[in-house]
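Working notes, beginning with the structure itself.
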Amino acid sequence: MKILITGAGGLIGSEAVDYYCSQGHNVIGIDNNQRQVFFGEKGSTLSRIAQLKNKHKSFYNFGLDIRDKDVILGLFKKIKPDVVIHTAAQPSHDKAASIPFEDFETNANGTLHLLEAVRQYNKDCIFIHMSTNKVYGDKPNTLNLVELETRYDYADAEYANGINENFSIDQSKHSLFGASKVAADVMVQEYGRYFSIPTCCLRGGCLTGENHSGVELHGFLNYLVKCNTNETKYNVFGYKGKQVRDNIHSSDVIQFMDLFIQSPRIAEVYNIGGGKENSCSILEAFKLTESISGKKMIYEYVDENRIGDHICYYSDLSKIKEHYPQFGISKNLSYIIENIYKK
C-alpha cells in the first residue's frame, strides 16, 4: 500500500512509519517540524525524521504545512494514497490559548484540507484521525468521584470501565485546543458519513512511549520520567496530584490502526487509551518511576489546575474490543516507564 502519515516525526506518526516501512509498504511522511515552533528545541522532530530516513529506504518525508490547502491538494493529486494516518496537530491545550489562530488552522483547517484531498482524488482511501479525549472537555469532571489515598476514581458503577464513546461533548469547557480538535473530529465523521469514506476518529488518552519528545505542556508520562531521570523539578498543577490518566504505548495504537486498515468501517469513533489497568495518578506515576530509577522525584505543587484538565479520565475499551476482538493492551505501565527511563 501507499501510506501517507502526517506528523511523521511525532510519537504516533514515527511509530507508524517504522511499522509500515518494516512491512514493506511505501510510506510518505508530512512533517515540517512545527512541533519545535510550538514547544522550542526540545520539541523538535528532526532527529526522529533523520533516524527513520536512515533506517528505511522506502520512507520519504515532505516538509509541508497541512495548513496550505493548495500544496496538500497538489500532493494528493500526485500520489493518491491508499491510507492516510493523520497525527499532525498542535497538541497542547495550554499552548492553544496563546496561539488561537495557529491552533485552529492546524487542527481544524489542516484536517479539512486532508479530507477534501481524499474526497477529490481517492474516496476509497482509509482515513485514520488521531483525535483526543479533550473533545469531551471538562465534562468528565462533573461525574461523581471518590477521593482515594493516591488518586481520584469514578464513584458510579456506570463508569467502572471508564468513559465510553456515548459521553457528551457538549456544555463543557474544552480549552481552545479541545474546541479545534472537536471541529476536526466531527469533520472526519462527516466526510465518512456524507461521502462514504472509510474514516475513524481515535480519541486518545495519554499516548506515550520512549520515542516521545515529552515537554511540560504535552507528553505527561514521558516528561515526568525525564524529569526524574535528569533530577529536574516537575510541577504538579492542582488536584493534589491525584488526577488520573490512562496510558497507552504508541505501538498499541498502531496495533489498532492496523486492524482498522485490514477491516475498515465508515465514520467510526473509538476511545483509545490504556484503560483502567494502565491508568495512574501523578502520585502513583511518581512512586512507580522512583522504584524503577532509584531516584526521588523532585516536584513542586502549584495550587491551580490547568484549564479544562480532567480530574479523572480513563478510556472504556469495550467498543474497540467488540469491533476488533484481536485488540488488546500489550505493554503495561511498568514496561512503558522502564523503556522511557532506559532511553
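The analysis underlying the following values was restricted to heavy atoms, covering all of them including side chains, and did not include hydrogens, waters or symmetry mates.
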- More than 12 non-hydrogen atoms from neighbouring residues, nucleotides or ligands closer than 6.0 Å to CD on Glu149, yes or no? no
- Are Glu116 and Arg119 within salt-bridge range, i.e. N to O under 4.0 Å? yes
- Note on the structure: side-chain contact (heavy atoms from CB on, under 4.5 Å) test vs Ile30 passes for just one of Leu75, Ile5, Val71, namely Leu75
- Query: Taking everything shown except Lys77 itself, do over 12 heavy atoms lie less than 6.0 Å from its NZ?
  - Reply: no
- Task: Kindly determine whether Glu15 and Asn211 satisfy side-chain contact (heavy atoms from CB on, under 4.5 Å), including the steps that lead there.
- Result: CA-CA 8 Å; Glu15 190 84 43; Asn211 292 318; 4.2 Å; yes
- Sequence neighbours left out, what pairs pass ring-ring contact (aromatic ring centres under 6.0 Å, His included) with at least one residue falling in residues 273-311? Tyr234-Phe286, Phe286-Tyr299, His310-Tyr313
- Task: Could you walk me through whether Asp18 and Leu52 pass the side-chain contact (heavy atoms from CB on, under 4.5 Å) test, one step at a time?
- Result: CA-CA 7 Å; Asp18 208 15; Leu52 293 167; 4.2 Å; yes
- Message: Using every non-hydrogen atom in the two residues, find where Arg151 and Ser281 come nearest and quote the distance to one decimal.
- Response: CB-CB, 3.9 Å
- Task: Please find out if less than 6.0 Å separates the ring center of Tyr270 from that of His323.
- Result: yes
- Kindly confirm or rule out a cation-pi arrangement of Lys331 over Tyr335, judged by NZ or CZ under 6.0 Å from the six-membered ring centre and within 45° of its axis? yes
- Message: Measuring only between side-chain heavy atoms, which start at C-beta, is Asn332 closer than 4.5 Å to Asn278?
- Response: yes
- Item | side chain to side chain donor-acceptor pair (under 3.5 Å) involving Tyr154 - partner list, sequence neighbours excluded | none
- Note on the structure: Heavy-atom nearest pair, Pro91 first then Ala89, reads CD-O, 3.3 Å
- Go through the steps to decide whether Thr199 and Glu268 satisfy the test side-chain contact (heavy atoms from CB on, under 4.5 Å), and finish with yes or no. CA-CA 6 Å; Thr199 71; Glu268 276 296 357; over 6 Å; no
- Look at atom NZ of Lys69 and say whether more than 12 heavy atoms of other residues, nucleotides or ligands are closer to it than 6.0 Å. no
- Query: When you look at CD of Glu277, are more than 12 heavy atoms from neighbouring residues, nucleotides or ligands closer to it than 6.0 Å?
  - Reply: no
- Assert yes or no for the condition that the ring centre distance of Tyr121 to Phe76 is strictly below 6.0 Å. no
- Message: Looking at Lys295 and Glu290, is there a salt bridge between them, counting it only when a charged N and a carboxylate O are closer than 4.0 Å?
- Response: no
- Message: Could you check whether Asn271 and Tyr314, counting side-chain N and O atoms only, form a donor-acceptor pair closer than 3.5 Å?
- Response: no
- Query: Are Lys319 and Glu165 within salt-bridge range, i.e. N to O under 4.0 Å?
  - Reply: no
- Message: Can you confirm whether the side chains of Thr45 and Arg35 place a donor and an acceptor under 3.5 Å from each other?
- Response: no
- Task: Kindly indicate, with the supporting measurements, whether the criterion side chain to side chain donor-acceptor pair (under 3.5 Å) is fulfilled by Gln51 and Asn54.
- Result: CA-CA 5 Å; Gln51 288 172 3; Asn54 290 334; over 6 Å; no
- State plainly whether one hydrophobic cluster holds both Leu221 and Ile329, where clusters connect Ile, Leu, Val, Met, Phe, Trp and Tyr through side-chain heavy atoms under 4.5 angstrom apart. no
- Task: Return the set of residues passing salt bridge (Lys or Arg N to Asp or Glu O under 4.0 Å) with Glu147 (not counting sequence neighbours), or none when no residue passes.
- Result: Lys240, Lys242
- Any donor-acceptor pair under 3.5 Å linking the side chain of Gln243 with the backbone of Gly241? yes
- Message: For a quick test of reading the model, state the closest non-hydrogen atom pair linking Lys233 to Cys227 and the distance between them.
- Response: O-SG, 3.9 Å
- Note on the structure: Apart from Phe177 itself, members of its ILVMFWY cluster (side-chain separation under 4.5 Å) are none
- Step through the shown structure and confirm whether more than 12 heavy atoms of other residues, nucleotides or ligands are within 6.0 Å of NZ on Lys343. yes
- Message: Membership question, hydrophobic clusters at under 4.5 Å side-chain separation (ILVMFWY): are Ile128 and Val188 in the same one?
- Response: no
- Under 3.5 Å: donor-acceptor pair, side chain of His25, backbone of Met1: yes
- Item | Asp258 side chain to Ile254 backbone, donor-acceptor under 3.5 Å | no
- Item | Side-chain H-bond candidate by donor/acceptor type, Asp103 with Gln90, under 3.5 Å | yes
- Ion pair Lys276/Asp246, N-O distance below 4.0 Å: no
- What pair of heavy atoms forms the shortest contact from Val118 to Cys125, and how long is it? CG1-CB, 3.8 Å
- With Asp138, which residues qualify under salt bridge (Lys or Arg N to Asp or Glu O under 4.0 Å), at least two apart? none
- Query: Passes ring pair (Phe, Tyr, Trp, His ring centres under 6.0 Å), Tyr324 versus Phe256? Steps please.
  - Reply: CA-CA 8 Å; Tyr324 298 91; Phe256 173 76; 5.3 Å; yes
- Report the C-alpha separation of His86 and Thr111 in whole Å, then their side-chain angles, then the decisive distance to 0.1 Å, and conclude whether the side chain to side chain donor-acceptor pair (under 3.5 Å) test is met. CA-CA 8 Å; His86 177 33; Thr111 302; 2.9 Å; yes
- Query: Of the non-hydrogen atoms in Ile248 and Ile336, which two are nearest, and what is the gap between them?
  - Reply: C-CD1, 4.4 Å
- Message: For the backbone of Arg203 and the side chain of Asn133, can you confirm whether one donor and one acceptor N or O come within less than 3.5 Å of each other?
- Response: no
- Item | Nonpolar side-chain network containing Val37, other nodes, edges under 4.5 Å | none
- Query: Do Phe101 and Arg67 pass the side-chain contact (heavy atoms from CB on, under 4.5 Å) test, and can you show the C-alpha distance, the side-chain angles, and the key distance before you say yes or no?
  - Reply: CA-CA 11 Å; Phe101 291 113; Arg67 295 175 291 185; over 6 Å; no
- Message: Does Asp156 have more than 12 heavy atoms from other residues, nucleotides or ligands lying within 6.0 Å of its CG?
- Response: yes
- Query: Looking at Gly7 and Thr87, what are the two nearest heavy atoms and their distance?
  - Reply: O-OG1, 3.3 Å
- Are Met130 and Tyr20 connected in a single hydrophobic cluster, I mean Ile/Leu/Val/Met/Phe/Trp/Tyr linked by side-chain heavy atoms less than 4.5 Å apart? yes
- Is the side chain of Asn222 donor-acceptor paired with the backbone N or O of Thr208 at a distance under 3.5 Å, no angle test? no
